[in-house]
Amino acid sequence: MVASPPAPPGASPAVPPSARAGARAWWGLPFLLLPALLASMDISILFVASPAITEALAPSATEWLWMMDVYGFVMAGLLITMGALGDRIGRKRLLLIGSGLFGIASVAIAWASTPEEVIAARVLLGVGAATLAPSTLSLIRGMFLDERQRRAAVGAWTVAFTGGAVAGPIVGGVLLEHFWWGSVFLINVPVMGVLLLTVPFLIDESRNPGATRFDLPGAATSFVAILGLVFAAKRLVEHGLDATGCWALAGGLAALALFLRRQRGAAHPLVDLTLFRRPAFGAAVAGQTVVAFSAAGLGLLAFTFLQTVHQLSALRAALWALPTFAGTLVGAVLAAALAARLRPATLLAAGLLLGTVGFLVVGTVGAGSPLTVFIGGYTVLTLGVGVVGTLANTLILTAAPPERAGAAAGISETSNELGAALGIATLGTVASAVYRERVTGVPAAGETVTEALGRAADLPAAEGARLLDFAFAAYSDSVNTAAVAGAGVLAAVAVLAWLALRREPTASNEREKTTC
């Protein structure tokens, strides 16, 4: 048997059987899934708690928007920075620091008595959350060296992170049935306590052994860039193309240009831009971005569709959405099982095309269609999300050298946040524009279907019913159009991903090359 040539830069070396993860790693894995679940859940849990918070604290419209958005803004802006920081000071240490911050911020929100206190505590919560996702994902990279085991672990992490968005409204709805609004945040505290007590004993420390000086200017420009771009995307949905959104977009793009310029010339860059020269890395980041785009964009429209057109309560709507969580789980299992047999190009493209089919099914749903058809299409979409999310995260972590796992995880999660913001902005804007166009000439229908629902309640029964039939049909058309637009985006990226990855071997072929 002859020695094999050296593996390409960033490729995972062959792993001897003795390096396979043992029972301790598998016992530790659930404790890395919990913070990923909570970090994602706290983005959506405020949606269901918002009416109770509004009634208790009476925020202004501006304060209400900041309460809703500031957590996601801060989290998105700090993910790359925190991932790189974990590489330097230790990923377990950063996870423990972030868990403490997350728990303290949760208590502060639960007992806040003014909108300003909620906003400040949500900022702290975002800082804590920005440490949790990249720390947990990069620790998994170090705990599971065997590629098959790593895919299974990353698949479980993908289900936890994406499932948190579905779990948030369910958990929040159950708690609000029995307790006051602060309970939806206090639930984080015992989980963070468990992490602080168990992680030091179950998880080994992991860091970059050649850690260098931290790139503080790079961290600042990345924060401004991500914050500006995410704010501009959200502003577009809420207010259209206004001056504030344009300035935010310009500022974000300028900061992004400065960040990229510094990273190319810095002796110790925050992000290794050479990673993007690898087709697998770039295609995986693109795939991660568009599935986040799809899940967040359709999620925004789906819960409104369920609660208006089908007039479900927030809790019943969340329970109807449970199959979408199962779709993500099945997709992750399929990705882990098939990755050793299918080329990444085939599997990633197939996952994106599954999402395309799901969108197209949603694109056929009318106001009078059975709810099972809508949920079925949505579940096919999340099946594709599970496949792509698991494979993309695995490719991103494998393409990066182990010492830069935290930075790679930060890039992965930032692509998630940017994709989600773009999905909400793009699909939300398409749906809003179509609805307004459909109801032109009927002032009572308002600018949103929720507004029409409120106005119908003040009209005589027959007139209100006619208004609702009209508004529901218009909103269904708007969801159809947005879904078809989403299908086009996923189909286009599926083709590009297949072209970028078509020469990448299967995981089993890669192992054979490195051992023969």
Side-chain angles (χ1 to χ4, degrees), residues 47 61 65 68-69 231-246 248-249 290 293-312 317 355-371 373-375 377-378 381 419-459 462-492:
F47 298 159
L65 285 174
M68 295 290 289
D69 291 339
F231 178 82
K234 287 181 175 289
R235 182 80 184 183
L236 179 64
V237 174
E238 293 160 4
H239 303 283
L241 194 62
D242 64 354
T244 303
C246 290
L249 179 61
V290 295
F293 169 99
S294 307
L298 185 56
L300 170 75
L301 302 177
F303 278 96
T304 301
F305 183 79
L306 295 174
Q307 291 178 257
T308 57
V309 176
H310 289 275
Q311 300 189 44
L312 302 178
T356 303
V357 171
F359 261 138
L360 291 175
V361 171
V362 172
T364 67
V365 172
S369 300
L371 192 50
V373 177
F374 179 83
I375 295 298
Y378 194 0
L381 172 70
L422 288 172
I424 291 170
T426 304
L427 300 188
T429 300
V430 168
S432 296
V434 171
Y435 179 82
R436 287 195 297 268
E437 189 272 332
R438 293 287 191 276
V439 301
T440 300
V442 185
E447 293 194 353
T448 67
V449 67
T450 304
E451 191 176 346
L453 194 62
R455 291 181 178 182
D458 298 329
L459 297 174
E463 190 176 343
R466 285 195 299 272
L467 174 62
L468 288 183
D469 287 343
F470 182 77
F472 291 165
Y475 187 69
S476 298
D477 287 347
S478 74
V479 172
N480 295 160
T481 306
V484 172
V489 171
L490 286 188

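Every value quoted in this text rests on a predicted model; they were computed, and no experiment measured them. One is the number of the first residue; the rest follow in order along the sequence.
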Leu453 versus Leu468: any side-chain heavy-atom pair under 4.5 Å? yes
What one should report as the nearest heavy-atom pair of Gly245 and Ala232 is O-CB, 3.7 Å
4.5 Å side-chain heavy-atom contact, Val362 and Leu381
no
Tightest non-hydrogen contact, residues Ser478 and Ala431, listed as CB-O, 3.1 Å
Note: Gly366 and Ser476 closest approach over all heavy atoms is C-OG, 3.8 Å
Val479/Val365 under side chain to side chain contact (heavy atoms under 4.5 Å, CB included): CA gap, chis, key distance, verdict = CA-CA 8 Å; Val479 172; Val365 172; over 6 Å; no
Check your understanding: Less than 4.5 Å apart, any side-chain heavy atom of Tyr475 and any of Leu301?
Key -> yes
Are the side chains of Phe293 and Leu490 in contact, using a 4.5 Å heavy-atom criterion? no
Between Gln307 and Ala317, the two heavy atoms sitting closest are CG-CB, 3.9 Å
- Query: Can you list the steps and then say if Leu371 with Leu306 is a side chain to side chain contact (heavy atoms under 4.5 Å, CB included)?
  - Reply: CA-CA 8 Å; Leu371 192 50; Leu306 295 174; 3.3 Å; yes
inquiry  = Does any part of the side chain of Phe374, heavy atoms only, come nearer than 4.5 Å to the side chain of Val361, both counted from C-beta?
reply    = no
> Do Phe359 and Ser294 have side-chain heavy atoms sitting under 4.5 Å apart?
Replying inline: yes
Margin query: Please check: side-chain N/O of Asp477 versus main-chain N/O of Tyr435, any donor-acceptor pairing under 3.5 Å?
Written below: no
In short, Ala474 meets Val439 closest at the heavy-atom pair CB-CG1, 3.7 Å
Nearest heavy-atom approach of Phe472 to Gln311 is CE1-NE2, 3.6 Å
Can you check side chain to side chain contact (heavy atoms under 4.5 Å, CB included) on Asn480 and Thr364, steps first, answer last?
CA-CA 6 Å; Asn480 295 160; Thr364 67; over 6 Å; no
